[in-house]
Amino acid sequence: MPELPEVETTRRGVAPHVINQTLTSIVVRQPKMRWPVPVDVLQSLIGLAVNNVSRRGKYLFLETERGAIVIHLGMSGSLRVLTHYVEPGKHDHIDIGLASGACLRLTDPRRFGSVLWQPVGEELSLISSLGPEPLTDAFNADYLINRSQGRSVAIKQLVMNSHVVVGVGNIYANEALFMAGIDPRKPAGKVSKPKLTRLVAAIKKILSAAIEQGGTTLRDFVDSDGKPGYFAQSLSVYGRAGEPCLVCNKELTEVRMGQRSTVFCSRCQR
DNA sequence: AGTCGCGCCTGGCGGC
DNA sequence: TGCCGCCAGGCGCGAC
């Protein structure tokens with residue numbers, strides 16, 4: 001499941017093949033994704049060039065002079081560049097043909113992903129309501145302390161809320177809370193300032209390390225039909241319920257929080 | 001306004 | 001072997 005590091009790695013991998021390329025064809029085989037794919041608008045873009053590939057949270061933007069094709073990879077999506085024809089498979093929903101002869105192909109078995117259209121000058125409300133990027137200075141200790149103030153929601157859910165900060169999915173939330181020594185169930189407003197400060201640092205550290213690793217494990221976005229090697233990095237708690245804590249050896253606990261699996265060490269995280 | 005629970009979807013897995 | 005049922009999970013939305 002792509003989290004922010006995978007999305008950023010996708011952006012970097014795809015950008016050089018797409019930037020300054022004119023769109024020559026758009027084929028939508030499956031318009032039913034998270035929201036209906038705006039097929040007509042996409043078709044009308046043929047002849048325009050992609051000026052830039054940017055990212056906000058887990059959303060990717062293929063920017064043209066008229067606006068941006070906004071792509072979210074959901075749980076199971078991937079984007080890759082094909083430099084020669086490859087027979088589309090069952091889950092290859094959209095092909096974006098480029099003047100170079102290459103093709104940008106969106107694959108998404110579970111179709112939790114989405115493709116939207118954002119006209120130039122009109123930010124989608126779902127984008128404008130997003131919190132700061134976790135790797136910028138706007139996401140700092142003071143900010144998180146402020147947003148946690150008086151909140152009864154569990155700190156894990158707060159940090160996974162994209163209106164608070166973008167790009168922290170379930171896996172990295174588990175890992176960051178472990179690194180910061182915080183019980184994921186603790187009401188956000190009751191987590192101490194020093195711990196929130198550590199949490200901000202942990203999120204930045206984990207996400208940037210994952211992006212760095214993504215550069216090596218997910219390097220090949222061209223012509224590869226293999227699955228990208230997500231999460232090659234070692235995880236301390238996620239997926240390790242019942243196994244010993246790497247720090248204190250106590251058996252890791254698993255609970256469900258908002259229908260998501262949450263793993264933590266009840267000794268190290270309080 | 002904050003919090004909670006729902007639903008979208010399918011590959012993979014455990015159980016029989 | 002084959003089939004069935006269940007689960008994961010991002011995230012916007014509607015309900016309280």
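Please read these numbers as outputs of a predicted model, since none were measured by experiment. The sequence lines fix the lettering, A, B, ..., with proteins before strands; numbering per chain opens at 1.
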Exercise. Give a yes/no on whether any side-chain N or O of A/K90 is located under 4.0 angstrom from OP1 or OP2 of B/dG11.
Key: yes

Quiz item: Is there a side-chain polar atom (N or O) of A/S76 under 4.0 Å from OP1 or OP2 of B/dT10?
Solution: no

Quiz item: Which residue, A/R256 or A/L130, contacts DNA chain C at a nucleotide closer to its 5' end, judged by nearest heavy atom?
Solution: A/R256

Quiz item: Separation of A/H163 atom NE2 from C/dC11 atom P, in whole Å?
Solution: 10 Å

Quiz prompt | A/T24 side-chain N/O to A/G97 backbone N/O, donor-acceptor pair under 3.5 Å | solution = yes

Self-check item: Whole angstrom value for the distance that separates P of B/dT10 from CG of A/D108
Solution: 10 Å

Practice problem: Could I get the full list of side-chain hydrogen bond (donor to acceptor under 3.5 Å, both in side chains) partners for A/R111, not counting sequence neighbours? | Solution: none

Practice problem: Write down the distance between CD1 (A/I171) and P (C/dA8), rounded to a whole number of angstrom. | Solution: 13 Å

Practice problem: Rounded off to whole Å, could you give me the OH-to-C1' distance for the A/Y172 and C/dG10 pair? | Solution: 15 Å

Quiz item: Are OP1 or OP2 of C/dC11 and a side-chain N or O of A/K58 less than 4.0 angstrom apart?
Solution: yes

Practice problem: Could you tell me whether the side chain of A/K186 and the main chain of A/Q269 form a donor-acceptor pair under 3.5 Å? | Solution: no

Exercise. Find the distance A/L124:CG to C/dC13:C1' and express it as a whole number of Å.
Key: 16 Å

Quiz item: Where along nucleotides 2-9 of chain B does protein come under 4.0 Å, by heavy atom, of base (B) or sugar-phosphate alone (S), with - for untouched nucleotides?
Solution: SS--BBBB

Exercise. Report yes if a side-chain nitrogen or oxygen of A/H91 is closer than 4.0 Å to either non-bridging phosphate oxygen (OP1 or OP2) of B/dG11; otherwise report no.
Key: yes

Practice problem: Please state whether the phosphate of C/dG12, meaning OP1 or OP2, lies under 4.0 angstrom from any side-chain nitrogen or oxygen of A/Y59. | Solution: yes

Quiz item: Rounded to the Å, how far apart are A/M75 CE and C/dG12 P?
Solution: 14 Å

Quiz item: Considering only heavy atoms from C-beta outward, does the side chain of A/W117 approach that of A/I69 to under 4.5 Å?
Solution: yes

Exercise. Write down the distance between NE2 (A/H72) and P (C/dC13), rounded to a whole number of angstrom.
Key: 13 Å

Quiz prompt | Ion pair A/K58/A/E6, N-O distance below 4.0 Å | solution = no

Quiz prompt | A/E63-A/S54 side chain donor-acceptor pair, cut-off 3.5 Å | solution = yes

Quiz item: Salt bridge or not for A/R29 and A/D95, using N-O below 4.0 Å?
Solution: yes

Exercise. Could you tell me the separation between the CG atom of A/L116 and the P atom of C/dG12, rounded to a whole number of Å?
Key: 10 Å

